[in-house]
Amino acid sequence: MKVLFASSEIHPLIKTGGLADVAGALPVALRAKNIDVKLIMPAYSGILEKLPPVQSRRNLGNPFSVGDLILLETHLPDSDTPIYLVQCQSLFELEGGPYLDSHGNDFADNDIRFAAFSWVCAMITQYGHLIDWQPDILHLNDWQTGFAAAYLAAWRLEHPPVVTTVHNLRYNGSFPIEQFDRVRLPHDLLNLHGMEFYGRYSALKAGLVYADAITTVSPTYANEILTPTYGDGLDGTLKAVRHKLFGVLNGVDYNEWSPSIDPYIHTHYDLHSIDQKLYNKLALQRENGLPESPEAPVFGVVSRLTEQKGLDLIPDAIEPALEKGAMFILLGSGDKALEQQYLALQERYPDQVSIRIGYDEAYSHRLQAGIDMLLIPSRFEPCGLTQLYALKYGTLPIVRSTGGLADTVFEEGQHANGFVFQHASTEDLKSAIERSLIAFNDLEGWRIKQIQAMSQDHSWDRATATWINLYQSLLNA
Ligand code: ADP
Ligand code: GLC
């Protein structure tokens, strides 16, 4: 079975969030099960330098009048997973990240950038002879690839089935209707049952309505997005297509995230040597200029600083714990007001709080290994990967009960592996923090929870069977 897996970010090449982790790991896991998966991504600045030399190059012309679109093929570093790169200087070789310029603003031509990328995905899917490899399935991820489903629909030819995975419904890739002609799609797609979206048009909606199957990254989020609270204006659309909507929980790449082999952390440990985790805690405290204290409970955060993550609740909710001697260590970047709020907290508790604004992959591993509890008070969370990493590191997550957090973290019963609260309020979070402090003081009980956490299996290997069944069912349909 041949699958073209399209993503706008792929770890370790470029990453802004969990989508990159998934795109860097699921295809590799599927290939291990003999599925012929190839990746495709835009050739952003600096990407080619991170990859082995290009093996083939094909010019697909200039359909958007922005310069030629060139398809390059190579494979992921240290892996045989093939990857196509879509090269176009004016669209992708820019200063900044994949979506934002160096001032943090959306690129003004994000519609054309991702329409062009998606157009190439659709071309390969429809016209396999172009590259002597035609996928049996086109697997799209998030709005940046949704245009591909629209092109295939617009061409009105028989084509391989399309799966769209929603990692985050909040980012719907919507643009002004007046700009619609820029993406070279016919106007008959602009209707309520097509791409039209509250007076704009949405690339994600195209990915939903024109796909043969839709998945999202946890069973709970799959239900939540059918409601107005979590549906972000697309709940009506999703309800109409719920027969083809499935929740498939993400996995973890344990080659990257295991405390027994992690090259970034101070001391390796596993389920049978949890005591050694302490050395990572002391090293983390040292690294941050905090007093080395084995007893102080250390709370942490590794996150994008956005409204989604509920991080505005923490500064007030954590104060009583800080007053009792706890520590708090954060790595994150994003919302400037939140950054300031956290820096102010650090100023008030300089010996207990350490805030690092920025993005740092290696430090995120040291943080996960060194802290005792990871705070994730998300307002919504499609899956969430950081709680899964925390579990593997014997770091107990404190989460709001939503999306993938609700599916993976439990406070009660024999699977208890963390702390769960219901409402996105300071009060609820504060009381979960209090419960975690009581639990932390019961050494034996804490160890039992850590063992429970570390022995949960969230490997991709488990999820691949579900994926293969889903692909197969589309081929048999
Ligand atoms: P989301 O995709 O919504 O940001 P996830 O929990 O699925 O949330 O994935 C976030 C990923 O990004 C994780 O791999 C996490 O470790 C990483 N991450 C988030 N913020 C940072 C940061 N400031 N530095 C390093 N890694 C980060
Ligand atoms: C999104 C979601 C996150 C999820 C990730 C990978 O960024 O916000 O919850 O884990 O995608 O699917």
Side-chain angles (χ1 to χ4, degrees), residues 5 7-12 14-26 97-99 139-145 164-172 204 215-222 224-225 230 232 247-254 256-257 262 264-265 300-311 329-335 338-339 342 354-369 371 374-393 395 397 399-400 402-409 458 460 463 467:
F5 193 97
S7 177
S8 57
E9 46 184 278
I10 298 172
H11 178 72
I14 187 158
K15 165 167 165 181
T16 72
L19 167 61
D21 289 355
V22 173
L26 171 58
Y99 323 119
H139 190 153
L140 304 176
N141 291 279
D142 277 354
W143 76 265
Q144 295 88 343
T145 55
T164 297
T165 297
V166 178
H167 297 263
N168 197 327
L169 207 61
R170 177 63 56 90
Y171 303 105
N172 54 33
L204 180 62
T215 75
T216 187
V217 287
S218 69
T220 295
Y221 191 60
E224 286 174 338
I225 57 181
Y230 292 94
D232 279 302
V248 185
L249 195 68
N250 282 334
V252 175
D253 184 350
Y254 288 131
E256 297 263 337
W257 292 97
D262 190 329
Y264 299 121
I265 69 175
V301 165
V302 181
S303 186
R304 294 184 294 119
L305 305 183
T306 60
E307 207 256 342
Q308 167 186 351
K309 302 289 178 180
L311 298 171
I329 302 183
L330 173 140
L331 167 64
S333 64
D335 185 283
L338 264 180
E339 291 181 2
Y342 278 109
S354 170
I355 304 299
R356 194 177 298 191
I357 302 299
Y359 185 90
D360 188 335
E361 187 76 27
Y363 181 57
S364 74
H365 287 241
R366 296 200 294 280
L367 203 154
Q368 288 274 17
I371 61 177
L374 183 75
L375 292 162
I376 318 179
S378 302
R379 295 204 159 78
F380 70 95
E381 196 60 75
C383 177
L385 294 172
T386 56
Q387 84 279 13
L388 301 181
Y389 302 154
L391 291 171
K392 185 67 179 176
Y393 284 68
T395 295
V399 306
R400 181 165 167 258
T402 184
L405 300 171
D407 292 332
T408 56
V409 181
H458 286 290
W460 274 114
W467 278 108

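Start at 1 with the first residue, then count along the sequence. In each ligand, atom 1 is the first atom listed, and ligand 1 is the first ligand listed.
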(request) Using the side-chain contact (heavy atoms from CB on, under 4.5 Å) rule, take Ser303 and Leu311 through it: C-alpha gap first, then chi angles, then the decisive distance, then the call. (result) CA-CA 9 Å; Ser303 186; Leu311 298 171; 3.8 Å; yes
(request) Check each heavy atom of Cys383 against ligand 1 and say whether those closer than 4.0 Å belong to the side chain, the backbone, both or neither. (result) neither
(message) At under 4.0 Å between heavy atoms, is it the side chain or the backbone of Tyr389 that contacts ligand 1, or both, or neither?
(response) side chain
(request) Run the contact test for Pro382 against ligand 1 with a 4.0 Å cut-off on heavy atoms, strictly below, and give the result. (result) no
(request) Using a strict cut-off of under 4.0 Å between a residue heavy atom and any atom of ligand 2, list the qualifying protein residues by chain and number. (result) Gly18, Leu19, Val22, His167, Asn168, Val217, Asn250, Arg304, Gln308, Glu381, Pro382, Cys383, Gly384, Leu385
(message) Geometry only, no angles: is Gly17 polar-contacting ligand 1 at N/O separations under 3.5 Å?
(response) no
(message) With respect to Asp360, determine whether any N or O atom, backbone or side chain, lies less than 3.5 Å from an N or O atom of ligand 1.
(response) yes
(request) Decide, yes or no, whether a salt bridge links Arg400 with Glu381 under the criterion of side-chain N to carboxylate O below 4.0 Å. (result) no
(message) Can you confirm whether Asp335 sits close enough to Thr306 that some side-chain heavy atom of one is under 4.5 Å from a side-chain heavy atom of the other?
(response) no
(message) So for ligand 1, is Leu19 a polar contact partner (N or O within less than 3.5 Å, distance only)?
(response) no
(message) Looking only at distances, can you tell me whether any N or O atom of Arg304, backbone or side chain, sits closer than 3.5 Å to an N or O atom of ligand 1?
(response) yes
(request) Determine whether the side chain, the backbone, both or neither of His167 has a heavy atom under 4.0 Å from any heavy atom of ligand 1. (result) neither
(request) Decide whether an N or O pair under 3.5 Å exists between Trp257 and ligand 1. (result) no
(request) Report yes or no: does a heavy atom of Arg356 sit under 4.0 Å from some atom of ligand 1? (result) no
(message) Below a 4.0 angstrom heavy-atom separation, can you tell me which part of Asp21, side chain or backbone, both or neither, approaches ligand 1?
(response) side chain
(message) Once you restrict to heavy atoms under 4.0 Å, what part of Lys309 touches ligand 1? Side chain, backbone, both or neither.
(response) side chain
